[in-house]
Protein chains: 2
Amino acid sequence: MTAMQQAYDVYEDRCPTRLVLDRLADKWALLILDRLKGGPMRFNHIRRDIKGISQKVLAQTLRKLERNGLLSRTIFPTVPVTVEYALTPLGRTLTDTVSALTHWAEKNMDAIFAAQRAYDEAYPG
Amino acid sequence: MTAMQQAYDVYEDRCPTRLVLDRLADKWALLILDRLKGGPMRFNHIRRDIKGISQKVLAQTLRKLERNGLLSRTIFPTVPVTVEYALTPLGRTLTDTVSALTHWAEKNMDAIFAAQRAYDEAYPG
DNA sequence: TTAGATAGTTTCCAATAGATACCAAGGAGA
DNA sequence: TCTCCTTGGTATCTATTGGAAACTATCTAA
């Protein structure tokens with residue numbers, strides 16, 4: 001928490017922070033993290049909630065987030081089996097930032113779409 | 001700024017916010033936005049600074065960010081030609097959030113790498 | 001004349017994303 | 001018993017994207 005905080009340069013190749021950013025900067029991961037803020041959820045529940053995500057990508061993204069310590073995976077031997085995903089304490093430290101991003105997007109959507117229209121008119125094709 | 005802020009559901013398919021998030025949740029875009037906080041920069045300057053980015057991906061990402069109104073592209077008829085990229089006011093409203101993300105990554109790097117090691121030991125192969 | 005800078009584009013191959021089908025284990029309904 | 005439904009995934013296939021390297025054009029300096 002004290003020293004060595006500036007030992008890395010984000011713009012350096014092979015910077016460890018880059019590796020972290022690489023795994024975070026992903027639309028689905030952000031949506032999943034934001035979704036789990038409300039409490040643990042099961043695989044198919046997440047899949048139905050986040051419309052448009054495929055099973056493969058959901059499974060991959062969940063495993064990636066689990067591997068990075070942001071969420072936990074708990075199996076309950078019910079029938080059919082229940083698998084619950086929940087934010088870890090580490091994951092919870094991230095959700096405020098993630099929410100800030102999604103809320104920025106929501107708030108500035110109109111400005112962005114206006115910019116896109118202006119750009120596409122200025123450079124057609 | 002007042003009403004209709006909750007008219008969209010981020011988890012809905014075809015939600016406009018999703019389209020925005022899609023363009024933002026990208027490692028290179030985040031690094032570029034963070035880099036431009038310090039003032040305007042030219043193409044090759046950015047390329048040298050953000051080590052490891054290819055010319056193609058840099059050009060693509062810059063054009064994407066320009067199209068979304070987050071940065072401006074100014075051509076100076078010098079020789080050789082100078083092209084300057086700068087944050088727009090809209091882009092500047094985003095950089096605080098982006099910085100929060102990169103700083104979170106920097107701060108929690110060690111915890112993440114520890115989690116990765118633990119995971120890889122628990123599930124080898 | 002050759003090398004360097006400017007800001008890209010083009011080409012090619014590998015990696016990823018997404019859609020779809022499939023799997024096993026069991027419960028409920030007919 | 002047969003079939004469909006659920007659970008949480010994996011397997012397969014194709015389309016899109018990512019990255020490395022080479023190429024473009026114009027001009028300057030050595």
Side-chain angles (χ1 to χ4, degrees), chain A residues 11-15 18-19 21-32 35-36 40-68 71-86 119 122-123 125, chain B residues 11-15 18-19 21-32 35-36 40-68 71-86 119 122-123 125:
Chain A
Y11 306 108
E12 271 300 324
D13 208 2
R14 308 185 176 289
C15 161
R18 277 266 197 99
L19 299 174
L21 210 58
D22 226 358
R23 300 173 188 285
L24 244 69
D26 159 27
K27 177 181 64 168
W28 298 123
L30 294 181
L31 285 171
I32 291 170
R35 199 76 197 95
L36 287 177
M41 287 175 77
R42 291 178 306 175
F43 187 90
N44 278 324
H45 190 181
I46 300 174
R47 183 159 82 93
R48 279 189 295 265
D49 254 37
I50 301 183
K51 298 189 180 73
I53 194 169
S54 72
Q55 288 182 310
K56 191 186 82 172
V57 173
L58 177 56
Q60 281 175 351
T61 309
L62 286 172
R63 228 171 299 119
K64 186 175 73 174
L65 291 173
E66 186 198 357
R67 178 166 182 265
N68 287 280
L71 53 81
S72 64
R73 181 174 182 273
T74 313
I75 304 173
F76 297 98
T78 57
V79 69
V81 66
T82 299
V83 180
E84 206 175 75
Y85 293 93
Y119 184 96
Y123 308 94
Chain B
Y11 306 107
E12 270 302 323
D13 206 1
R14 308 181 175 290
C15 162
R18 278 266 196 98
L19 299 173
L21 210 57
D22 226 357
R23 299 170 190 289
L24 246 66
D26 159 27
K27 177 181 63 168
W28 298 124
L30 293 181
L31 286 171
I32 290 170
R35 199 76 196 95
L36 286 177
M41 288 177 76
R42 291 178 308 175
F43 187 89
N44 279 324
H45 189 180
I46 301 174
R47 182 159 83 93
R48 279 187 297 263
D49 256 36
I50 301 183
K51 298 190 179 72
I53 194 169
S54 71
Q55 289 181 310
K56 190 185 81 171
V57 172
L58 177 56
Q60 281 175 349
T61 308
L62 286 171
R63 228 171 297 119
K64 187 174 73 173
L65 291 173
E66 186 198 357
R67 178 167 182 263
N68 286 280
L71 54 82
S72 64
R73 181 175 181 273
T74 314
I75 304 171
F76 297 97
T78 56
V79 70
V81 66
T82 298
V83 179
E84 205 175 76
Y85 293 93
Y119 184 95
Y123 309 93

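Everything numeric in this text was worked out from a predicted model, so none of it was measured.
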| query | What is the bend of the helix from C:dT1-D:dA30 to C:dA30-D:dT1 when you compare the axis at one end with the axis at the other, using five pairs each and rounding to 10°? | reply |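 Inter-axis angle at the termini of the helix from C:dT1-D:dA30 to C:dA30-D:dT1: 20°.
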
Enter the distance from [X]:[atom1] to [Y]:[atom2] here, rounded to the nearest 0.5 Å.
X       : Y       : atom1 : atom2 : value
A:Arg35 : A:His45 : CZ    : NE2   : 6.5 Å
A:Ile50 : A:Lys27 : CD1   : NZ    : 10.5 Å
B:Leu36 : B:Asp49 : CG    : CG    : 10.0 Å

| message | I need the minimum non-hydrogen distance between A:Ala25 and B:Leu30, along with the two atoms involved. | response |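 Heavy atoms only, the tightest pair is CB-CD1, 3.9 Å.
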
| Partners meeting side-chain hydrogen bond (donor to acceptor under 3.5 Å, both in side chains) with A:Arg42 (sequence neighbours left out) |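 In terms of side-chain hydrogen bond (donor to acceptor under 3.5 Å, both in side chains), with neighbours along the sequence ignored, A:Arg42 is linked to no residue.
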
| said: Pair A:Tyr123, B:Glu66 - check side-chain contact (heavy atoms from CB on, under 4.5 Å), show working. | reply: CA-CA 12 Å; A:Tyr123 308 94; B:Glu66 186 198 357; 3.9 Å; yes

Can you give each donor-acceptor pair under 3.5 Å made by side-chain atoms of residues 53-63 of chain B, sequence neighbours left out, with the distance rounded to 0.1 Å?
| unit_1 | atom_1 | unit_2 | atom_2 | d |
| --- | --- | --- | --- | --- |
| B:Ser54 | OG | B:Val57 | N | 3.2 |
| B:Thr61 | OG1 | B:Val57 | O | 2.6 |

| field | Toward the 5' end of DNA chain C, by each residue's nearest nucleotide, A:Ile53 or B:Leu62 | value |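 Taking each residue's closest nucleotide, the earlier one in sequence belongs to B:Leu62.
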
| said: For A:Ser54 and B:Arg63, find the nucleotide of DNA chain C closest to each by heavy atoms; which residue's nucleotide sits nearer the 5' end? | reply: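 Nearer the 5' end of the strand: B:Arg63.
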
| request: Determine, stepwise, if the pair B:Asn68 / B:Leu24 fulfils side-chain contact (heavy atoms from CB on, under 4.5 Å). | output: CA-CA 10 Å; B:Asn68 286 280; B:Leu24 246 66; over 6 Å; no

| query | For residues 72-86 of chain A, which residue pairs qualify under side chain to side chain donor-acceptor pair (under 3.5 Å), counting only residues two or more places apart or in two chains? | reply |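 Every pair satisfying side chain to side chain donor-acceptor pair (under 3.5 Å) with a residue in residues 72-86 of chain A: A:Arg73-A:Tyr85, A:Thr78-A:Thr82.
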
| query | Taking any atom under 4.0 angstrom from a heavy atom of chain B, which nucleotides of DNA chain D are the first and last to qualify, 5' to 3'? | reply |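 In short, chain B contacts DNA chain D from D:dG18 to D:dC27.
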
| request: Describe the nucleic acid contact of B:Tyr85 in one word from base, sugar-phosphate, nothing, applying a heavy-atom distance below 4.0 Å. | output: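 The answer is sugar-phosphate, as B:Tyr85 gets under 4.0 Å only of primed atoms, P, OP1 or OP2.
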
| What nucleic acid atoms does B:Arg47 come within less than 4.0 Å of, heavy atoms only: base, sugar-phosphate, or nothing? |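 No contact.
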
| Contact boundaries on DNA chain C for chain B, cut-off under 4.0 Å to non-hydrogen atoms |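 So the outermost contacting nucleotides come out as C:dA5 to C:dT11.
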
| message | Assuming nearest nucleotide by heavy-atom distance, tell me which of B:Gln55 and A:Glu84 is located more 5' along DNA chain D. | response |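 Final value for this comparison: A:Glu84.
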
| task | Quick one: list whatever passes salt bridge (charged side-chain N to carboxylate O under 4.0 Å, His left out) with B:Arg67, sequence neighbours left out. | result |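 Listed in chain order: A:Asp120.
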
